[in-house]
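What you see is a predicted model; the values in this text were computed from it and never measured. Sequence lines set the chain letters: A, B, ... in the order given, protein chains first and strands last, and positions in each chain run from 1.
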Number of protein chains: 2
Amino acid sequence: MISVVIIGSGNVAHHLTHIFLKSKNVLVKQLYARSLGKIKSFEDQVSITDDFETLIKADVYILAISDDAISQVSSLFKNDSFVVHTSGSVSISALKNKGKKGVFYPLQSFSKEKKVDFNNVPLCIEAKENANLLLLEKLANTISKKVYRINSLQRSKLHVAAVFVNNFVNYMYTVGDNICNTYDVPFEILHPLIEETALKIKQISPKDAQTGPAKRDDQKTIQRHLNDLNEKQQEIYNLITKSIQNG
Amino acid sequence: MISVVIIGSGNVAHHLTHIFLKSKNVLVKQLYARSLGKIKSFEDQVSITDDFETLIKADVYILAISDDAISQVSSLFKNDSFVVHTSGSVSISALKNKGKKGVFYPLQSFSKEKKVDFNNVPLCIEAKENANLLLLEKLANTISKKVYRINSLQRSKLHVAAVFVNNFVNYMYTVGDNICNTYDVPFEILHPLIEETALKIKQISPKDAQTGPAKRDDQKTIQRHLNDLNEKQQEIYNLITKSIQNG
């Protein structure tokens, strides 16, 4: 049985608390938040506090807090505590506690309204000493099938890559949606294509999956498309078409 | 029972032939291809030919051929034939037969190796006269639950939108893959995020689903990301970040 205390009240804290409370191999000893109201919904299941001085002893303290707060909050822990943060873009060295340090980063986009199937959420773990890494691995395995050892440099690059495949992809959907709205075409017609595009790259690499007028250098279609777009859309169309053509 | 003749030997012809051969309400009377070898695999199930003069009479002739060939091939049909093309980017007016005209456009990316669940493939249909539109609708309903009446202008815009949500999205996956490869991170870590991003916009509009450093104007993270990227990647990052911020 691994005991944990979860610090924070945002989406990640919320989802981690839910999933660990369900796990038979993890004991959630306590939740901490600056404003107690945000974790009050858990008070029937676990001890909650807004006073850092009253933190209970646990195997792992999980900081699910904003990136900027990690250094300051971690500096408050006692010497022998094992403190991990959950951020994709912050180095392990941002932790300022004197004791054991680690990272426990669930790579998924969380929203409070939507349930998450944690089994398929990749967990990227890091710790300086092997014993601590093994403990994190054990903890991660209780909730997910997808556990990866990723160091701070790799994790920061993964975070940039995630911006492309999540934020920027979503923006491409927005452009598609805007074009459809302008011509009174239901955007839902594109849903199956969007899904197929996302699933295809599980089978073949995105480089091999590339199709379209840019890939086959179909200038006639490219010109017709450009005529259909506004200036802002044209700029994006031109740049990505050029990028696809330059490999 | 609706009878059809399918003209062509590419991916769309191949998949339409397969699905219509399975349908109890459609009779595939004949397949035509310029080179017989490409449709030979169907010869046990249906009459095949490479001689246009021997085409059998049918309710609908489906041209699943390259965009550039549509005008020329359609001009070869007899006056009373109902000829439809299957292209996303070609107007109905490209059909040069003297009789009935229509469009039967399956909006999905097809590859010969991969089976398609036609039930979920959106079929965009168009015809000038209502009786012909109803016939196409009946034909479309035999294989898909998702049938849309879309005119030529709308279809051409849909085709541009598809470039953004399919080709350009896939290119964003390629950039993510490249970043991962450079730092020895398995790209598969990003698969669940990619899938979640694609599924999310079925629930909420992509505009409302937008998250990330660009959306929240997190300049510190944006600068760190730019430092991690090569020049080509930076150009894309800057343009899309700017576009997200300008709404």
Side-chain angles (χ1 to χ4, degrees), chain A residues 89 107-109 120-122 148 150 153-154 156-158 160-177 179-180 183-186 189-198 201-202 205-207 209-214 221 225 228-229 232 235-236 239-240 243-244, chain B residues 89 107-109 120-122 148 150 153-154 156-158 160-177 179-180 183-186 189-198 201-202 205-207 209-214 221 225 228-229 232 235-236 239-240 243-244:
Chain A
S89 57
L107 201 162
Q108 185 56 281
S109 92
N120 289 310
V121 172
Y148 298 90
I150 296 290
L153 178 71
Q154 291 175 313
S156 78
K157 308 303 178 180
L158 199 50
V160 191
V163 167
F164 280 87
V165 306
N166 173 0
N167 303 153
F168 290 179
V169 158
N170 185 75
Y171 186 71
M172 296 299 133
Y173 298 157
T174 305
V175 176
D177 191 21
I179 296 170
C180 286
Y183 295 93
D184 207 19
V185 176
I189 300 185
L190 292 168
H191 285 176
L193 182 64
I194 285 171
E195 199 173 332
E196 175 73 14
T197 307
I201 49 123
K202 289 187 178 186
S205 78
K207 196 171 163 42
Q210 190 66 57
T211 58
T221 302
H225 283 172
D228 279 344
L229 299 172
K232 239 180 80 179
E235 205 180 344
I236 296 170
L239 179 59
I240 304 185
S243 303
I244 291 173
Chain B
S89 56
L107 200 163
Q108 186 53 283
S109 94
N120 288 310
V121 172
Y148 299 90
I150 296 289
L153 177 71
Q154 291 175 313
S156 78
K157 308 304 178 180
L158 200 49
V160 191
V163 167
F164 280 87
V165 306
N166 173 0
N167 303 153
F168 290 178
V169 158
N170 185 76
Y171 186 69
M172 295 299 132
Y173 298 157
T174 305
V175 176
D177 191 21
I179 295 170
C180 286
Y183 295 94
D184 207 20
V185 176
I189 301 184
L190 292 168
H191 284 176
L193 181 64
I194 285 171
E195 200 173 331
E196 175 74 13
T197 307
I201 48 124
K202 289 187 175 185
S205 79
K207 196 171 164 40
Q210 190 67 56
T211 58
T221 302
H225 283 171
D228 279 343
L229 300 170
K232 240 180 78 181
E235 207 180 342
I236 296 170
L239 180 59
I240 304 184
S243 302
I244 291 173

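- Put simply, the side chain of A:Val169 does not reach to within 4.5 Å of the side chain of B:Tyr171, judged on heavy atoms.
- A distance of 13.0 Å separates CG of B:Asn120 from CG of A:Leu193, quoted to the nearest 0.5 Å.
- B:Thr221 is linked by a side chain to side chain donor-acceptor pair (under 3.5 Å) to B:Asp218, counting only residues two or more places apart in sequence or in another chain.
- Looking at B:Ile201 and A:His191, their side chains come closer than 4.5 Å, going by heavy atoms from C-beta outward.
- Side chains of A:Met172 and B:Val165 form no contact here, defined as non-hydrogen atoms less than 4.5 Å apart.
- Using a 4.5 Å cut-off on side-chain heavy atoms (C-beta onward), A:Lys207 and B:Asp177 make no contact.
- If you measure heavy-atom distances from A:Val163 to chain B, the contacts under 4.5 Å come from the side chain alone.
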Could you walk me through whether B:Lys202 and A:Glu195 satisfy the side-chain contact (heavy atoms from CB on, under 4.5 Å) test, starting with their C-alpha distance in whole Å, then the side-chain angles of each, then the deciding distance to 0.1 Å, before giving a yes or no? CA-CA 10 Å; B:Lys202 289 187 175 185; A:Glu195 199 173 332; 2.6 Å; yes
Checking side-chain contact (heavy atoms from CB on, under 4.5 Å) for the pair A:Leu229/B:Phe164: CA distance, chi angles, key distance, verdict? CA-CA 11 Å; A:Leu229 299 172; B:Phe164 280 87; 4.0 Å; yes
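- In this structure the side chain of B:Asn166 never reaches within 4.5 angstrom of the side chain of A:Glu196, judged on heavy atoms.
- By number of non-hydrogen pairs under 4.5 angstrom with chain A, the leading residue of B:Ser243, B:Ala214, B:Ser156, B:Ser205 is B:Ser243.
- Here B:Asp184 pairs with nothing under the side chain to side chain donor-acceptor pair (under 3.5 Å) rule; sequence neighbours left out.
- At a threshold of 4.5 Å between non-hydrogen side-chain atoms, the residues A:Ile244 and B:Thr174 do not count as touching.
- Between B:Asp228 and A:Lys157, at least one side-chain nitrogen of the basic residue sits less than 4.0 Å from a carboxylate oxygen of the acidic one, meeting the salt-bridge criterion.
- Comparing A:Val121, A:Leu153, A:Ile179, A:Ile150 by how many heavy-atom pairs each has under 4.5 Å with chain B, the most go to A:Ile179.
- For the residue pair B:Asn167 and A:Gly212, the shortest heavy atom distance occurs at OD1-CA, 3.3 Å.
- Proximity to chain B involves both the backbone and the side chain of A:Ile189, based on heavy atoms less than 4.5 angstrom apart.
- Residues A:Gln108 and B:Pro192 form a side-chain contact, since some pair of their non-hydrogen atoms from C-beta on lies under 4.5 Å apart.
- Put simply, the side chain of A:Tyr173 reaches to within 4.5 Å of the side chain of B:Thr197, judged on heavy atoms.
- Between A:Ala161 and B:Cys180, the shortest heavy-atom contact is CB-SG, 4.2 Å.
- Rounded to the nearest 0.5 angstrom, B:Asn170 CG and A:Ile240 CD1 are separated by 11.5 Å.
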